[in-house]
Each structure stands twice: as C-alpha cells, then as structure tokens.
A.B. asks: 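Please see the structure below; I have some questions.
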There are 2 protein chains.
Amino acid sequence: MTLDDFPPGTLPAEPMVPRVDRASPSVQKVTRAEELRLQLADEIVRGTLAPGAPLDETDIARRFSVSRTPVREALRQLVTSGLVEARPHRGAVVAQPSIERLKSMFEAMAELEALCAGLAAERMSAAERHGLEAIHEELRVLSYAGNPDRFHEVNERFHNAIYAGSQNGYIAEITLATRVRVQPFRRAQFRNLGRLAKSQAEHDRVVVAIMRGDKQGAAAAMRAHIELVRGEYEIYAVSV
Amino acid sequence: MTLDDFPPGTLPAEPMVPRVDRASPSVQKVTRAEELRLQLADEIVRGTLAPGAPLDETDIARRFSVSRTPVREALRQLVTSGLVEARPHRGAVVAQPSIERLKSMFEAMAELEALCAGLAAERMSAAERHGLEAIHEELRVLSYAGNPDRFHEVNERFHNAIYAGSQNGYIAEITLATRVRVQPFRRAQFRNLGRLAKSQAEHDRVVVAIMRGDKQGAAAAMRAHIELVRGEYEIYAVSV
DNA sequence: GCTCCAAGCATTGCATGCAAAGAGAAACAT
DNA sequence: ATGTTTCTCTTTGCATGCAATGCTTGGAGC
C-alpha cells in the first residue's frame, strides 16, 4: 500500500477566502481561471449557487465570456478543494455531501477549532491578545445592535484571529478550509438575536480561557461553542 | 471541405481512429490527466522527484507523450493538494516548504493522528480492533526480520487502520493528506533497526490504550509517537 | 566596473476544434 | 405496459496554435 492515491478533494493549498469585492482594480494580476475559481467559490459559499446546482462548463464559459479551458481549470480546483463534485459524463454540481459526511466535517471543525484555541491560549502574543479582545468587544456591541450580516463578518474575523494565534499556518489553513466547506450548509445561523447573544457568551468563555493561557479550557470552550452552533444549524443534505 | 460543413448530428458515429490497445486494458477507465497526477504524486512522495525539482509542462508532456493540456490539469491539482508549487512565469517545482512550514505540518500531523487515535479508542468495532492487533503483530515480526521497506508498508496500514477507526471520513482524509504532504521530507526513517524496535514499542502503547478504550491515553501515546518519529527524521528544507 | 534599461525569448494562459464516451431518449419487441 | 436495445447527442477530454506576460540577458550609460 502506498500513499500515492490520496483521496481527491483533500485540501486547498491556499485558504479560499471568499472575496467580497471584485471591483477592486488592485488585483489586476489575476488569471482568468483564478478569477473564476474565486468567483464560483464565493457564490457557492454564499449560497447563490446552492448545493446540487449544476455547473455546466459551457454555460459558465458563456456567462463569463471565456473559453471552456479556464472554466475547466477552475472547476478542477474546486473539485480538489471539495466544494464541487464532478460526476463523470453527468456534469459537475455544487458539492452535496451526505449527512454522514456533513457530520464528519462538523466534528472535524469542532476539533480543529478547539485545537487552534488551545494553541492560541499558549502562544498568542500580547498584541494578538489585544486584537482578539478588540474583536470580541466589537462583536459584543454588534450582538446588541443586531445586524446579522455585519455580525457574521466580524465573527469570521474573530475565528480567524484565533487560527492565526495558533502560530501554526498549516493548522490555520486546514481549519479555515474546513470552515469554508461547511459554510454552504449553515443557513439561518445568526437570524435570531437570541443566537447572537448566546454565541457572544460562548465566545466569552473562549476569550477568558485564552487570556488566562488555559489551553484545556480554551479548547473545551471552543469545542462546546462549535457543537452548539452546529446544533442550531439546519443541516441541508438533500436526499441520497 | 472540413468537418465543420456537416450539420450537427450527421457526423459519422463510428470511431474513425480505433485506438491502439493500451498495454493494460484494466485501467482503461482512467483519464490522461489523472494518470499524470497519480504518477507525478507518486514520484514526489517516493522522492524520485526531489523537493525543488522543476516540473516543466513541455518536458512532462513530451515524456508522457501527451499534450500540455492534461499536464497542466495534473499540475494544477497537485498545486491545490500541496505537493507542487507554481511560481508565476517561472515554472512549477516540487513543493519545498520552509522549515517553519514543515514544523507546522509535523505538528498538525501529530495532533491529527492523536485525534484519530483518540476517536478510534472510543469507536472502533470489535472487528476493527482485531484487525489493528493483527497488523500490529505483523509489524512486530517485521521489526525483528528487519525489512525496512516492508515495515514501512505495513506501518502505513497500521496508521490507516487507526484513521479508519475514527469513524470520521473527513478527519481520516485530512490526516492522510497531511501524511502524504510531509512524506517527501521523511527520509532515513526506518533505516536502522533500533528505530524499528522503538517504533514498535510506541505503537504498543497506542494499541493498548485503544483496546482499553482509553481516549486520552491513545491520543497521548500517538502524539508522543509522531513527535518522536519527527525527531528522528532529517528535515530537508533546502535554503530560503 | 556597476547599474539600469530594453528587447528577446521562454513559458504560461487561453481559445478553438475535434473525437470519444456515456447518458438519456426513442423505438422496438415482448 | 414494461423491459430492452439502439441511436443520438450532450458532455468531456485532449491536441494544437497563438497571444501575452514577465524573466533574463546583453548592452549602453554613468
């Protein structure tokens, strides 16, 4: 047995940060295939392209006024990063994992986030700790103000700060990748303000533990947070 | 007159150029790009293509008697899976992570393997436990017999069995992917028989803990094992 | 002799065209 | 009506060719 045939759809090499603003002329440098990859990933993560939605090479090529070649490249990369499923001769679709697999991914996310939190508790610099507290405070205000979209945005900054705090780029990467992959299956997450407040309380435990340098506590608090969050989600896995 | 002149649907249906039979008719199913991906991944993991080695599209295309298109596809996938680095307009090379990054990956591997071991301790079925013990026994014999290659092979089966025992396909996947990515940087791992014996002793602690259903113990033992293994490796990270 | 610039050139990126291969539909037989 | 078979046609896979991009190197100026 060898390691050569590792399963497809393993890991994205670079974090797939969903780009919001494509109008920015700063990123002129980008290739067409890359643009497509980011754009499609973005639409999938945001839910514009729902799980199961068909991704026809020719259609996409027309839609973006490019040839099929860069579209193929983009789709291939999305397949290996797990956001897209390619069924031979039946077209590619937005990935639609089984419930079993979704459970796997959520569990992995809980463990990975917990790992990051634990490492962050041990390793965060003073500056990073201040930064985390600042974001946490920002979230506290937002949890009152109650703008779910904005909350969601800052919430991501919160988690990203903890990933970075682990001082382990690779772990941060696979954690983010996992988060991105489950993103399409988290829907009405911050719709009600009750969830916002609860989330805030859970974050609080995480932050306190990190500030104390309490590795175990931080990991446990984060694990609990993710498990709870997961419980609130509706998990979509449309048939089969 | 070209084939364009035929209205759609009037083209001759039968194959005009009967493909010469490939050597092994069993793997007819596989696409060229996939073949290339597996072959290149294999050579990278085995060390035939050393980290930093250039991967010229045209060369590879010539070498495998295909056009650049499938080569590009294969390289792209290897990039997203982390085995290859693509530097814009400077060619692709076998991935050559910095020492910092290698440390990250090794740490991640230790944590992921520990996670798998812990979950396996809780979740492995009776059959799986028997299977693991069988592999462990096989390794014990091999550690005496002292065939490093064979030991390496069965050792992989050992770890894979634990991944599977976690009952979490996603975690198993990212753990394996991580193992694959660090593989090129593990060299003289089982060269000396002393290491084989030590490895066996460490495995033993892991197996005992798993059999007892001792989650913490299994995780700790596995983490220790990986950390030690890592200490024995020479970590190649050539410059920069 | 060193630095800066420019033109050449290797390499990548994309488009286009064609062929193979299934999947689905239609037609046929039972 | 249902199962089967053939046929069509969409979709994928690959090759080839051209264009653009920026690395590189050779030359000119300081």
Side-chain angles (χ1 to χ4, degrees), chain A residues 8 13-14 25-40 52-80 84-94 240, chain B residues 1-22 25-40 52-80 84-95 240:
Chain A
E14 63 257 280
S26 57
V27 274
Q28 201 89 334
K29 186 68 243 354
V30 108
T31 157
R32 244 76 112 226
E34 190 70 1
E35 267 181 80
L36 290 171
R37 187 177 71 85
L38 292 174
Q39 176 70 24
L40 291 175
L55 298 169
D56 185 72
E57 286 182 5
T58 315
D59 284 351
I60 297 174
R62 251 199 306 273
R63 184 177 147 208
F64 289 94
S65 304
V66 294
S67 81
R68 272 178 48 228
T69 307
V71 176
R72 283 176 62 79
E73 244 170 55
L75 286 180
R76 284 316 162 82
Q77 299 201 235
L78 290 171
V79 167
T80 51
V84 167
E85 271 166 34
R87 311 156 305 170
H89 282 269
R90 302 195 53 196
V93 297
V94 177
V240 168
Chain B
M1 177 162 190
T2 69
L3 287 178
D4 289 328
D5 299 326
F6 289 95
T10 61
L11 287 176
E14 61 277 314
M16 323 186 81
V17 184
R19 285 198 67 80
V20 181
D21 233 346
R22 303 195 159 285
S26 56
V27 275
Q28 199 91 334
K29 189 75 242 342
V30 106
T31 154
R32 248 73 112 221
E34 190 71 0
E35 268 180 78
L36 289 171
R37 188 179 71 85
L38 292 175
Q39 177 71 23
L40 291 174
L55 298 168
D56 185 71
E57 287 182 5
T58 314
D59 285 351
I60 297 174
R62 250 199 306 273
R63 185 179 146 206
F64 289 94
S65 304
V66 294
S67 82
R68 272 177 50 228
T69 307
V71 175
R72 282 176 63 79
E73 244 171 56
L75 287 180
R76 282 318 162 84
Q77 299 200 236
L78 290 171
V79 167
T80 52
V84 167
E85 272 165 33
R87 310 156 305 171
H89 283 268
R90 300 195 53 195
V93 296
V94 177
V240 165

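Below, chains carry the letters A, B, ... as their sequence lines are ordered, and counting in each starts from 1.
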A.B. asks: Check A:R32 with A:E35, please: is the shortest side-chain N to carboxylate O separation under 4.0 Å?
C.D. replies: no
A.B. asks: Taking salt bridge (charged side-chain N to carboxylate O under 4.0 Å, His left out) as the definition, give me every residue that meets it alongside B:R72, ordered by chain and number, with sequence neighbours left out.
C.D. replies: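 Checked B:R72 against salt bridge (charged side-chain N to carboxylate O under 4.0 Å, His left out); matches are A:E73, B:E57.
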A.B. asks: Taking only residues two or more places apart in sequence or in another chain, which ones pass side-chain contact (heavy atoms from CB on, under 4.5 Å) with B:R62?
C.D. replies: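 Once residues adjacent in sequence are excluded, the partners of B:R62 under the side-chain contact (heavy atoms from CB on, under 4.5 Å) criterion are B:T58, B:D59.
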A.B. asks: Answer yes or no: is there a side-chain heavy-atom contact under 4.5 Å between B:L55 and B:L75?
C.D. replies: yes
A.B. asks: Nucleotide by nucleotide, 5' to 3', does protein get under 4.0 Å of the base (B), only the sugar-phosphate (S), or neither (-) in nucleotides 11-19 of chain D, counting heavy atoms?
C.D. replies: SBBSBBB--
A.B. asks: Kindly write out the residues that satisfy salt bridge (charged side-chain N to carboxylate O under 4.0 Å, His left out) with B:E85, not counting sequence neighbours, or none if the list is empty.
C.D. replies: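 Once residues adjacent in sequence are excluded, B:E85 has no partner under the salt bridge (charged side-chain N to carboxylate O under 4.0 Å, His left out) criterion.
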